[in-house]
Amino acid sequence: MTDITEAVEAGRIELATAMAALDGPLAYEETAYNLPISFAVTGTPVSDADSARDAYAASSENPLVAWECVRAHRAAASGAEGAPYTGFIPDAEIRKLGYSLVDGSILGLCLIVGQPDRPDVAAALCRELQEKYMLTFLAGPVVPALQEANIRVGLEYRLVPLGSTASHGIHFADILARVAMMFGGITPGDAARLLAYAAERRARAMVIAFPGLSDEEIASIDALRLLGIPILHTGGYTGGEWTPTEGKDAVRDGMDLLGIKVTVTAIPIPMGCSPAFEGKSIRKEEMYVEFGGGRSPAFELLRMKDPSEVEDGKVTVIGPEIEDLQEGSAVPLAILIDVAGKNFRKDYEPVLERRIHNFVNYGEGSWHTAQRDLIWVRLSKEAVKNGLRIEHLGKLLAAKFRMDFPDLLDAVQVTLVTDRAEVERLKAEAEAVYGERDDRIRGMRDDDVDTFYSCTLCQTFAPDHVCIITPERPALCGAISWLDGRIAHEISPAGANQPVKKEGLIDRDGGEFEGVNRFLKKASHGAVDRCRLYSVVEYPMTCCGCFEAIALVLPEVNGIMVVNREYKGETPSGMTFSTLAGTIGGGAQTPGFAGISKGYILSDRFLQAEGGIERLVWLPSNLKEELGPRLRSKLAEKGKAELFDRIATEHEATTIEELMAYLDQAGHPALAMKELF
Ligand code: SF4
Ligand code: NI
């Protein structure tokens with residue numbers, strides 16, 4: 001039995017001694033937050049041993065700061081650990097993570113340290129965490145134990161192996177510190193607010209400790225309590241403030257302490273089914289059979305039917321089943337979901353149809369990408385070996401739709417067609433339905449509606465952030481359209497999407513309305529009281545951190561550039577996407593910068609306040625390619641086809657000087673437009 005209080009005392013002395021002996025540079029790559037905990041707590045950007053000691057002193061010898069600096073020093077001395085360990089996780093990954101935390105696909109975070117008695121105990125614990133929508137970090141001997149039990153680890157499995165010692169668990173804390181700064185609007189150095197933020201348990205985090213930790217490791221892990229994180233242990237420790245639990249109850253006890261309630265109903269199919277598997281992929285060598293992806297015709301369609309036509313839970317397969325298919329082949333597929341429900345409406349169809357993607361990916365051995373008639377689905381060899389059949393995909397879909405939309409759906413029936421002639425015949429019908437839906441959305445203008453929708457989902461992390469979603473200005477995360485907002489409000493009237501009256505026009509070009517301002521003031525708790533929906537320069541919308549892209553002013557060329565998240569290189573602003581994102585997130589309004597979705601670039605309201613799309617001077621080439629045909633036709637429609645080639649990419653310019661020269665030579669219209677300021 002290790003006495004925690006004694007171990008903490010001894011361990012803190014070890015940490016302090018190690019702090020005094022630090023030397024050399026201390027830095028992580030791909031972060032704008034230096035050593036994130038030290039930065040969050042003290043505001044000091046630690047870069048070497050001296051600044052580390054300054055931060056430690058400034059933090060009143062906070063053991064989290066010591067732990068972080070000492071760990072960074074050891075990482076610098078010994079180099080990165082190889083596979084499977086991740087080590088420090090870059091900012092870009094944390095942003096994605098933040099989004100999963102707000103959309104509810106991850107309910108909380110757990111760190112596991114120490115030496116499990118038996119691999120199967122650790123395996124069962126991790127399975128349970130996966131099934132209960134938790135994201136789990138692993139530090140130390142638990143990683144080889146899981147591998148021994150044939151459990152796959154990696155961010156895509158929501159079991160993140162941080163490093164080979166419990167000391168690597170610091171990266172769990174540096175993630176929480178960055179989430180607070182990125183999404184929570186916590187200013188570096190404002191330790192009091194950081195602690196208050198942590199104490200509200202916004203990130204819902206816990207630790208499960210197995211036996212065998214050293215004094216220094218115990219002191220380090222114990223310091224996580226400063227962030228309001230409960231620590232549970234499965235035996236081997238006495239005293240201190242850790243909560244004892246049995247291994248098999250650890251997850252339930254921990255989630256109870258965090259106040260997370262989740263009921264998991266098992267679906268009777270021969271493969272695991274959990275959001276934890278959503279991020280996995282099935283490689284060609286692992287694939288038993290595939291559908292679509294350009295190799296065979298495939299599509300999906302969800303339709304509302306009369307209740308008399310829908311038999312709840314019924315799954316039909318028309319055409320060859322798995323045993324009739326050759327391993328490695330590409331097979332046609334139609335996924336047809338028929339739904340009925342008193343509260344269901346026809347215009348909910350596309351919103352629910354999009355969930356097919358998530359649900360198929362929940363299957364441990366099934367994978368899905370894209371939508372409509374572009375889908376690509378794979379089933380893994382391993383799952384097929386365990387008895388998975390095409391029929392089970394239908395069972396999974398029918399069950400998940402009923403579970404996730406209990407108020408909306410009274411009956412769900414699934415038909416899976418693998419017969420080529422039948423798939424082709426039905427696909428023509430589906431295409432007509434897609435066309436009708438597109439016409440409905442494409443035709444919508446901000447002028448045609450009297451109500452916009454808000455979204456405050458991201459307030460979990462950025463407490464003052466409010467998105468206003470209009471037909472022509474989709475949400476900055478790219479995930480929610482005006483139609484989605486309206487439907488979400490109808491489905492859940494007290495939820496995060498509320499109607500916003502578009503009344504009291506203040507400025508037409510800028511898109512400012514009294515009704516919107518009034519709503520914003522209330523929803524942002526007084527932090528923001530003006531917003532010009534179509535402007536980057538003045539009173540732009542607030543940014544939570546989820547934006548697909550950033551639009552920002554380049555005063556030197558009288559224009560506006562856009563950079564998307566996928567682009568890692570330099571931009572003419574002198575900042576990369578990740579540096580920019582670190583500057584504008586957290587729910588603040590930053591004049592000159594706006595978080596936007598990629599699709600908004602194609603909207604007629606894009607940059608309306610600044611004179612329109614002629615202001616657009618630079619885009620990364622990958623984004624320009626992605627928007628390519630749609631951007632060309634948008635420009636042609638405005639009689640500005642020649643603008644396409646005048647918009648620079650990183651191939652023409654990565655500095656402002658190069659950009660100036662290119663725009664000049666290309667005759668870009670922004671140079672001759674009205675001054676931006
Ligand atoms: Fe977050 Fe805005 Fe997207 Fe809602 S619409 S999830 S608030 S980024
Ligand atoms: Ni957000």
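This is a predicted model, so every value here is computed, not measured. Only heavy atoms go into these numbers, but all of them, side chains included; no hydrogens, no water, no symmetry mates.
Although no hydrogens or angles enter the test, the distance criterion places no donor-acceptor pair under 3.5 Å between the side chain of S366 and the main chain of Y362. A distance-only check finds no donor-acceptor pair linking the side chain of T136 to the backbone of C110 [under 3.5 Å]. Not a single donor-acceptor pair under 3.5 Å links the side chain of E68 to the backbone N or O of D174. Although no hydrogens or angles enter the test, the distance criterion places no donor-acceptor pair under 3.5 Å between the side chain of T187 and the main chain of D190. The backbone N or O of S164 lies less than 3.5 Å from a partner atom in the side chain of E81, making a donor-acceptor pair. Not a single donor-acceptor pair under 3.5 Å links the side chain of N386 to the backbone N or O of M271. T42 places no side-chain N or O within donor-acceptor distance of the main-chain N or O of F39, the cut-off being under 3.5 Å. Judged by distance alone, the side chain of D529 and the main-chain N or O of K521 form no donor-acceptor pair under 3.5 Å. Y33 contributes no side-chain N or O that, together with a main-chain N or O of A40, makes up a donor-acceptor pair within less than 3.5 Å. When atom types are taken as modelled, the side chain of R53 and the backbone of M19 share a donor-acceptor pair closer than 3.5 angstrom.
Atom CG in L129 sits 7.5 Å away from atom CE in M255 (nearest 0.5 Å). Atom-to-atom distance recorded for I282:CD1 and E364:CD is 9.5 Å, nearest 0.5 angstrom. In this structure, CG in L213 is found 5.5 Å from CD1 in I218, a value given to the nearest 0.5 Å. For the atom pair E241 CD and D222 CG, the distance stands at 8.0 Å (nearest 0.5 Å). The CG atom of L393 sits 8.0 Å away from the CD1 atom of I269 when rounded to the nearest 0.5 Å. Annotation: the span from E548 atom CD to E566 atom CD amounts to 7.5 Å, rounded to 0.5 Å.
Within a 6.0 Å radius of CD in E9, no more than 12 heavy atoms belonging to other residues, nucleotides or ligands are found. The 12-atom threshold is exceeded at CD of E285, counting heavy atoms of other residues, nucleotides or ligands nearer than 6.0 Å. Within a 6.0 Å radius of CZ in R225, other residues, nucleotides and ligands contribute more than 12 heavy atoms.
Taking every heavy atom of both residues into account, V41 and A191 meet most closely at O-CB, 3.5 Å. The heavy-atom pair separating A123 from A149 by the smallest distance is CB-CB, 3.8 Å. What you find for L195 and L227 is that their closest heavy atoms are CD2-CD2, 4.1 Å. Of all heavy-atom pairs spanning C467 and M541, the tightest one is CA-SD, 4.0 Å. Of all heavy-atom pairs between Y56 and A16, the closest is OH-CB, 3.8 Å. The nearest pair of heavy atoms linking L176 to A205 is CD1-CB, 4.0 Å.
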For side-chain contact (heavy atoms from CB on, under 4.5 Å), just list the numbers for F277 and Q130, CA-CA rounded to whole Å, side-chain angles, deciding distance to a tenth of an Å, and then say yes or no. CA-CA 8 Å; F277 301 121; Q130 283 179 320; 4.1 Å; yes
Determine whether K132 and L107 satisfy the following criterion, side-chain contact (heavy atoms from CB on, under 4.5 Å), listing intermediate values before the conclusion. CA-CA 8 Å; K132 292 192 168 164; L107 293 181; over 6 Å; no
So D253 and T243, side-chain contact (heavy atoms from CB on, under 4.5 Å) or not? Walk me through it. CA-CA 9 Å; D253 289 351; T243 309; over 6 Å; no
Decide side-chain hydrogen bond (donor to acceptor under 3.5 Å, both in side chains) for D464 and H525; before the verdict, give the C-alpha distance in whole Å, the side-chain angles of both, and the deciding distance to 0.1 Å. CA-CA 7 Å; D464 299 333; H525 320 104; 3.2 Å; yes
Starting from the C-alpha separation in whole Å, work towards a yes-or-no answer on side-chain contact (heavy atoms from CB on, under 4.5 Å) for V466 and V528. CA-CA 9 Å; V466 185; V528 183; over 6 Å; no
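Salt bridge K400/E278: absent, no basic N to carboxylate O contact under 4.0 Å. R178 and E30 are not joined by a salt bridge, as no carboxylate oxygen comes within less than 4.0 angstrom of a charged side-chain nitrogen. A salt bridge is defined here as a Lys NZ or Arg NE, NH1 or NH2 lying under 4.0 Å from an Asp or Glu carboxylate O, and E382 with K280 fails to meet this definition.
M206 has its side chain out of reach of L257: every pair of non-hydrogen atoms, C-beta onward, lies at least 4.5 Å apart. Counting heavy atoms from C-beta outward, Y133 and I260 have side chains that stay 4.5 Å or more apart. No side-chain heavy atom of S220 sits less than 4.5 Å from a side-chain heavy atom of S167. Between P211 and D117 there is a side-chain heavy-atom pair separated by less than 4.5 Å. Residues E217 and V113 have side chains not in contact (no heavy-atom distance under 4.5 Å, counting atoms from C-beta outward). Side-chain contact between S274 and R127 is absent, with no heavy atoms from C-beta onward closer than 4.5 Å. Looking at heavy atoms from C-beta onward, L111 lies in side-chain contact with I221 at the 4.5 angstrom threshold. Annotation: side chain of V121 is in contact with side chain of F210 (closest heavy-atom distance under 4.5 Å).
Donor-acceptor pairing under 3.5 Å is recorded for the side chains of D23 and H73. With hydrogens and angles left out, the side-chain atoms of N497 and H489 include no donor and acceptor closer than 3.5 Å. At a cut-off of 3.5 Å, with distance as the only test, a side-chain donor of S51 or D48 sits close to an acceptor on the other residue. S578 and D91 share no donor-acceptor pair across their side chains, judged by distance under 3.5 Å alone.
The six-membered or imidazole ring of Y28 lies near that of H171, with a centre-to-centre distance under 6.0 Å.
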